[in-house]
Amino acid sequence: MSKRKTPSSENNTNYDFCEFLIELANYERNVNRNIYKYNAYRNAANTLAAYPTRIKSGEEAQKLKGIGAKIAKKIDEFLQTGKLQKLEKIREDDDSTAINLLTRVSGIGPAKAKELVDANIKSIEDLKKNKGKLNHHQLIGLKYFEDFEKKIPREEIKRIEDFIKTEIDELDSEYKITVCGSYRRGKAESGDIDVLITHPSYNSKDGSKKKSHLLKNVVEVLKSKKLITETISLGDVKFMKTCKNHSEGCVARRLDIRLIPQDQYYLGILYFTGSDLFNKNMRAHALEHGFTLNEYTLRVAGEPVKITSEEDIFDYIGYPYKQPSERN
DNA sequence: ATGTGAG
DNA sequence: ACTCACATA
């Protein structure tokens with residue numbers, strides 16, 4: 001999974017326009033720190049992505065909501081020349097490419113990247129010479145810069161899954177463990193490993209009770225067994241770190257472990273299995289039928305519905321059940 | 001309390 | 001879209 005989101009893609013006759021608009025949007029956000037222009041370009045891209053027919057001129061596009069004279073002009077230029085002067089310049093610009101590079105380091109976002117570039121730190125090499133400017137998370141991102149961009153083969157995740165299940169079962173057999181994300185959707189490779197755990201003693205209703213030890217204990221075991229080698233962050237419910245798999249030539253991986261209250265487990269699994277687009281569509285369907293669906297609860301008229309399986313959620317909102325592999 | 005970053 | 005963790009002030 002990459003850090004940047006690329007939304008509008010398939011069966012979109014205006015895909016090429018959307019592409020350059022999104023590139024411009026990212027430039028405005030990451031380099032100029034102008035969130036308004038960013039939103040304007042994103043809006044325009046979404047409008048064009050939803051438009052059923054091929055746009056033939058800027059004039060035609062300008063009739064659409066969110067597209068004004070400036071974007072219309074760019075569409076004309078793109079139609080006539082196949083490219084944009086402005087984008088060509090941006091792609092050549094030193095600071096702009098440096099910011100795009102630095103932003104690929106986990107923990108470095110647009111703000112930090114800009115700060116670094118302003119201090120004339122523009123490459124991974126420069127970063128290594130200026131570790132003092134980085135926080136804990138960013139240091140790990142730098143250390144494993146290459147590793148974290150490598151995809152994780154399905155078989156490796158499977159081995160890690162089995163390992164975690166075995167070790168945790170030994171710790172406390174009442175834990176339930178599910179590996180979600182694209183792995184659960186059956187993909188041959190994934191960007192990271194997303195593990196959801198729950199325990200019968202942890203319920204969203206017993207509120208104030210601190211249950212963080214349930215997550216910490218798991219992390220401790222996996223640390224002692226050398227699966228977890230570094231911790232990026234460790235909160236009460238969410239935990240991210242890197243793990244090394246000895247048999248895989250020591251590539252560091254991102255492992256994300258979340259503790260979910262038992263009564264919200266299936267909603268969590270649904271949410272973290274994705275895909276993003278699938279979730280979006282399913283939530284939209286829920287809304288149309290008077291439900292609200294999020295990561296934690298399914299509600300009818302504000303009242304939470306009791307869920308005891310993933311199928312339950314589909315049943316309640318009248319959405320045809322889809323196997324994880326059909327949610328791509 | 002606020003900004004940042006991740007997912 | 002929304003929430004969480006962390007680092008500052």
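We name chains A, B, ... by the order of the sequence lines, and we start the count at 1 in each one. Given the structure is predicted, the values throughout are model-derived calculations rather than measurements. Heavy-atom basis, side chains included; hydrogens, waters and symmetry copies ignored.
Closest to the side chain of Asp256(A), from the set dC4(C), dG7(B), dG5(B), is dG7(B). Side chain of Tyr296(A), nearest nucleotide from dC4(C), dG5(B), dA6(B): dC4(C).
Pairing each heavy atom of Gln138(A) with each of Val105(A), the nearest pair is O-CG1, 3.9 Å.
Asn279(A) has its CG atom 14 Å from the P atom of dC2(C), to the nearest Å. Rounded to whole angstrom, the span from the CZ atom of Arg29(A) across to the P atom of dG5(B) amounts to 10 Å. If you take CG of Leu196(A) and P of dT3(C), they are 17 Å apart, rounded to a whole angstrom. Taking atom CG of residue Asp194(A) and atom C1' of nucleotide dT3(C), one finds them 14 Å apart after rounding to whole Å. The CD-C1' distance, from Gln138(A) to dG3(B), rounds to 13 Å in whole Å. The NZ-C1' distance, from Lys112(A) to dG5(B), rounds to 12 Å in whole Å. Across the protein-nucleic acid pair, Arg283(A) atom CZ and dC2(C) atom C1' stand 9 Å apart, rounded to whole Å. The distance between atom CG of Leu293(A) and atom P of dC2(C), rounded to the nearest whole Å, is 13 Å.
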Could you run down the sub-3.5 Å N/O contacts of the protein with nucleotides 5-9 of chain C?
{"unit_1": "dA5(C)", "atom_1": "OP1", "unit_2": "Asp236(A)", "atom_2": "N", "d": "3.2"}
{"unit_1": "dA5(C)", "atom_1": "OP1", "unit_2": "Val237(A)", "atom_2": "N", "d": "3.4"}
{"unit_1": "dC6(C)", "atom_1": "OP1", "unit_2": "Leu234(A)", "atom_2": "N", "d": "2.7"}

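Residue Leu255(A) forms a side chain to side chain contact (heavy atoms under 4.5 Å, CB included) with just one option from Val219(A), Ile193(A), Thr229(A), and that option is Ile193(A).
Residues Leu64(A) and Tyr51(A) form a side-chain contact, since some pair of their non-hydrogen atoms from C-beta on lies under 4.5 Å apart. A heavy-atom distance below 4.5 Å is not found between the side chains of Val179(A) and Asp194(A).
Shown here are the side chain to side chain contact (heavy atoms under 4.5 Å, CB included) partners of Asn32(A), two or more places apart in sequence or in another chain: Tyr27(A), Glu28(A), Asn34(A).
If you check every strand for non-hydrogen atoms under 4.0 Å, Lys280(A) touches nothing.
Note on residues 56-73 of chain A: no pairs pass salt bridge (Lys or Arg N to Asp or Glu O under 4.0 Å), not counting sequence neighbours.
Remark: aromatic rings of Phe20(A) and Phe78(A) are close, center separation under 6.0 Å.
Proximity of Arg254(A) to the phosphate of dG7(B): a side-chain N or O atom is located under 4.0 Å from OP1 or OP2.
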